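As the structure is a prediction and not an experimental result, all values here were calculated from the model.
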Protein chains: 2
Amino acid sequence: MSTPDADLDDVDRRLLRRLGEDGRASYARIGVEVNLSATAVKRRIDRLRARGVVRGFTVVLDPRLLGWSTEAFVEVYCRERTSPEEILASLRKFPEVAAAWTVTGDADALVHLRASDTRHLEDVIERIRREPGIQRSRSSVVLSRLIG
Amino acid sequence: MSTPDADLDDVDRRLLRRLGEDGRASYARIGVEVNLSATAVKRRIDRLRARGVVRGFTVVLDPRLLGWSTEAFVEVYCRERTSPEEILASLRKFPEVAAAWTVTGDADALVHLRASDTRHLEDVIERIRREPGIQRSRSSVVLSRLIG
DNA sequence: AATGAAACTTGACTTGC
DNA sequence: GCAAGTCAAGTTTCATT
């Protein structure tokens with residue numbers, strides 16, 4: 001088990017902040033901003049990746065412009081011995097997955113989906129159910145957003 | 001208020017899915033997977049960015065290592081004839097409610113809670129349960145955030 | 001920390017629908 | 001005109017020293 005903030009030094013933090021702003025920034029450019037050579041920046045990021053602090057990189061989409069206004073929460077039940085990493089690997093494939101958590105209780109994971117309409121939603125849920133390691137699911141379609 | 005998938009074609013969608021998996025994937029590599037030249041891929045991404053569909057790129061960090069608070073999802077079951085407005089009025093009182101939705105299915109609402117620790121979480125859930133109009137609840141504590 | 005080869009990015013120009 | 005392809009110059013990545 002890792003302790004919060006592990007051994008991130010100040011350079012790591014500045015570097016991660018920069019990557020948070022632009023996940024595609026080149027190592028060279030980041031290096032200029034944190035006073036490090038591009039090579040040193042790459043080594044640090046590789047190390048953060050290996051330590052699990054950095055899980056990966058992704059694109060930030062505007063859900064409204066995608067027209068995906070139909071939402072649902074899906075409780076996912078996995079087969080025995082399905083690790084969170086495997087669940088993540090399965091869910092990553094779907095751009096409709098807006099968020100996902102592993103949880104305590106009956107289900108193993110809770111998935112927040114965004115789709116264009118109920119047809120699209122149904123389709124995604126079908127495809128998620130067919131992922132290896134995933135046994136069944138239980139869905140709740142969002143009627144309205146109250147808070148948040 | 002229907003915003004159908006704007007003018008995203010199938011190539012755009014595959015391209016965005018790929019970027020979702022790896023926001024630092026090179027244009028060349030994406031191109032191989034969607035059968036386009038690297039230049040064409042870049043032009044599409046630039047266009048999606050200009051249209052606001054793509055907001056940017058970011059690094060995905062492990063929340064455990066960043067000192068995030070304890071979270072839970074609570075399904076709330078109401079008494080008959082409890083309106084969404086009444087549910088909202090009840091939930092509004094709690095600053096621990098990060099988000100809330102009315103949903104289809106067994107439960108009436110789904111509530112996303114953020115607390116400092118499990119003790120705090122327990123306390124909030126207790127207080128929500130005592131709200132008039134709310135009958136019972138079913139909680140899942142978040143173990144880890146996978147996506148989002 | 002520096003080098004160099006391979007890969008990537010990016011703009012200008014060309015082709016084809 | 002619009003979107004894709006080709007080419008070439010300039011950068012960046014990455015293994016090695």
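Proximity of Cys78(B) to Ile87(B): side-chain heavy atoms (C-beta onward) are separated by under 4.5 Å at one or more points.
By the rule that hydrophobic residues join a cluster once side-chain heavy atoms approach within less than 4.5 Å of another member, Leu61(B) and Leu88(A) end up as members of separate clusters.
In this entry the distance linking CZ of Arg24(A) with C1' of dT9(C) reads 10 Å, nearest Å.
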Any chance you could lay out the salt bridge (Lys or Arg N to Asp or Glu O under 4.0 Å) test for Arg29(A) and Asp22(A), step after step, and finish with the verdict?
-> CA-CA 11 Å; Arg29(A) 178 179 286 278; Asp22(A) 178 8; over 6 Å; no

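Remark: the Thr102(A) side chain and the Ser144(B) side chain contain an N/O donor-acceptor pair separated by less than 3.5 Å.
For the pair Arg44(A) and Asp9(A), the salt-bridge criterion is met [side-chain N within less than 4.0 Å of a carboxylate O].
In the 5' to 3' direction, nucleotides of DNA chain D lying under 4.0 Å from heavy atoms of chain B begin and end at dA4(D) to dT13(D).
Within residues 28-45 of chain A, the residues that have a heavy atom under 4.0 Å from DNA chain D are, in order of number, Ala28(A), Lys42(A).
Of all heavy-atom pairs between Gly20(A) and Val59(B), the closest is N-CG1, 3.7 Å. Across all non-hydrogen atoms, the minimal contact from Ser90(B) to Ile134(B) is CB-CD1, 4.4 Å.
Counting only residues at least two apart or on different chains, the salt bridge (charged side-chain N to carboxylate O under 4.0 Å, His left out) pairs with a member in residues 91-101 of chain A are Lys93(A)-Glu131(A).
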